[in-house]
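Both counts, for ligands and for their atoms, begin at 1 and track the order of listing.
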Amino acid sequence: MDNSPRARNGGDTIAAIATPPGRGGIGIVRVSGPLVAQLAHAILGVLPQPRLALVRKFRDTRGQAIDHGVAIFFPRPASFTGEDVLELHGHGGPVVMDLLMARLIELGARAARPGEFSERAFVNGKLDLAQAEAVADLIESGSASAARAAMRSLQGEFSERIGKIAESLVALRVQVEAAIDFPEEEIDFLAEPALHEHCSSLQASLKELLEPARQGCLLREGMTVVLAGRPNAGKSSLLNALAQSDRAIVSPHPGTTRDVVREYMHLDGMPLHLLDTAGLRDSEDDVESEGIRRARAAIEQADRVLLIVDDAGAEGVELLQAYLPSHLPYTLLRNKIDLTGRAPGYVDTVPGETRQPTSSGAQIAVSAKTGAGLDVLRGHLKACMGFEVAGESTFSARRRHLDALARAAQALESAGAQLRQRNGELVAEELRLAQRALDEITGVFTSDELLGRIFASFCIGK
Ligand code: GDP
């Protein structure tokens, strides 16, 4: 049997408790599908007027009242799922809600799987995939900034920008495909400056989109920060001070941290994953070498590095920089200022000139021991996540969106290179790959298996 979201959608009627479990003033059961009118008649004795609240008793098989509440009917296609939808707003107690669910199931509805309402909305063209994901992100958002970003995605801002790029990409593909069809003119055509400009401008638009998408992803998933530095610089102490617990082992002997210690914390609702790494140095010890290997792997995955040095002996920064991938932004932390007497907070790199707080290479003076400067560090991390600056341009995005954007950018890059070689067939192929990557984001082209996985991660009743 074809169990894909597209194939399994429709036909039956689904029901779920849409409000969180537990007791509350109101509990809502949501029903979607072709049986809605029939179910309304059975439970309410009437089909409510479209989109008008109707106060009514909800009745069981024997006509006894289960609850007295409000019913709202949203006829298709102007409903969330695109199907007939009925909402029963009852009293929010688990028993009442369960009785209502049991009644609906007795009448032919089936309990909805997680995310099935959103899945139907997607299949029926009410939302594209990025918007459906934004519904989940809005519900799960851990901060006001993340909620605003999710709302912008839900309203289609992200999809719209992807759509515009995809449209321009299609136009370019049409031209390139046409050129291939006329081999005798192909070379001349591929030399057209307008074609090269078109390709470059696409690359630029994609790049512009990548930054707000990355910010959106950070807002949603949190930033992964690696604490790196020489043994004894104070990495474990700093992790503990930030996490306000004693997770990592602090020891005056170099090389104690032999594994990657992970700490998950919230900075005012912003998720932050902190990784403490083995001291970066060449080691003869097998266990420590393994720790260093893991540290390097963690660093590769990070969004930012906090490079920690002892303020008293900050030499070796260049050496440490050699361990960091060049694309990764880093912040230099001058630790142990309780011993050197340096003022806490941002440090001027050039006298009289403090770097942009979020730029790579910004320096902050702290003491993991006394806690001096940690408030500045927290503010800095929040700013790097776009927490304060999450303005009008950030929208919620997921890793999978970033991956797809990166693949599209890569393909466009190759397309540009092939274009310079006047290699029509290969240009066409790269452009096709770029379009496919973009289409994955909005769900135009997304495998059923991936769709299934995405919607399964939603909660029930959504
Ligand atoms: P790691 O090897 O980089 O993880 O360093 P640790 O966190 O284990 O710290 C090494 C030593 O430096 C320990 O004895 C800490 O107590 C000490 N230490 C760490 N941070 C500070 C600080 O801010 N001030 C002072 N005075 N000592 C510190």
Side-chain angles (χ1 to χ4, degrees), residues 223-265 267 272-325 328-348 361-381:
M223 179 159 71
T224 300
V225 170
V226 168
L227 300 177
R230 286 193 171 269
N232 253 356
K235 295 179 296 299
S236 308
S237 305
L238 192 87
L239 176 72
N240 290 342
L242 278 176
Q244 284 155 353
S245 73
D246 284 323
R247 272 278 334 258
I249 315 150
V250 180
S251 147
H253 306 293
T256 344
T257 308
R258 296 191 165 183
D259 199 351
V260 183
V261 176
R262 287 163 194 276
E263 193 75 49
Y264 178 71
M265 56 188 275
L267 287 177
L272 181 69
H273 308 266
L274 273 176
L275 309 178
D276 182 15
T277 58
L280 293 172
R281 59 173 191 173
D282 294 321
S283 171
E284 301 283 306
D285 181 311
D286 280 353
V287 181
E288 197 187 338
S289 300
E290 173 58 18
I292 292 169
R293 195 194 60 73
R294 291 188 198 183
R296 291 226 178 105
I299 288 171
E300 283 292 331
Q301 301 295 316
D303 298 302
R304 198 172 189 95
V305 173
L306 293 180
L307 186 57
I308 304 168
V309 296
D310 188 331
D311 191 40
E315 79 280 354
V317 172
E318 299 76 18
L319 186 77
L320 287 168
Q321 284 171 9
Y323 282 95
L324 305 174
L328 204 57
Y330 73 95
T331 306
L332 191 70
L333 295 183
R334 308 184 76 97
N335 189 30
K336 310 194 189 183
I337 55 165
D338 54 300
L339 299 178
T340 60
R342 187 193 288 274
Y346 283 107
V347 179
D348 293 350
Q363 297 196 18
I364 304 175
V366 296
S367 166
K369 190 170 180 181
T370 66
L374 292 187
D375 50 343
V376 174
L377 175 58
R378 288 198 175 90
H380 169 73
L381 290 173

Exercise. Between L328 and V226, does a side chain to side chain contact (heavy atoms under 4.5 Å, CB included) hold up when you go through it step by step?
Worked result: CA-CA 11 Å; L328 204 57; V226 168; over 6 Å; no

Exercise. For L242 and L272, what are the C-alpha separation, side-chain angles and deciding distance, and is it a side chain to side chain contact (heavy atoms under 4.5 Å, CB included)?
Worked result: CA-CA 11 Å; L242 278 176; L272 181 69; 5.7 Å; no

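Every atom of ligand 1 is numbered from 1 in the order shown, and the set under 4.0 Å from a heavy atom of L339 is 26 (N). Taking every heavy atom of G234 and a limit of under 4.0 angstrom, the matching atoms of ligand 1 come to 1 (P), 3 (O), 5 (O), 6 (P), 7 (O), 9 (O), 19 (C). Close contacts between ligand 1 and S237 involve ligand atoms 6 (P), 7 (O), 9 (O), 15 (C), 19 (C), 20 (N) [criterion: under 4.0 Å to a heavy atom]. Near K235, with a cut-off below 4.0 Å to any heavy atom, the atoms of ligand 1 are 1 (P), 2 (O), 3 (O), 4 (O), 5 (O), 7 (O).
Counting heavy atoms closer than 4.0 Å to ligand 1, residue N335 contributes side-chain atoms (C-beta onward) but none from N, CA, C or O. When non-hydrogen atoms are compared, ligand 1 lies under 4.0 Å from the side chain of D338 (C-beta onward) but not from its backbone.
A donor-acceptor pair under 3.5 Å links the side-chain atoms of N335 to the main chain of A233, judged by distance alone.
P344 has its side chain out of reach of V376: every pair of non-hydrogen atoms, C-beta onward, lies at least 4.5 Å apart. When side chains are defined from C-beta on, L227 counts as touching L274, because their heavy atoms get closer than 4.5 Å.
Within the model, atoms CG of D311 and CZ of R334 stand 5.0 Å from one another, a figure rounded to the nearest 0.5 Å.
Considering backbone and side-chain N/O of A233, one or more are found under 3.5 Å from N/O of ligand 1.
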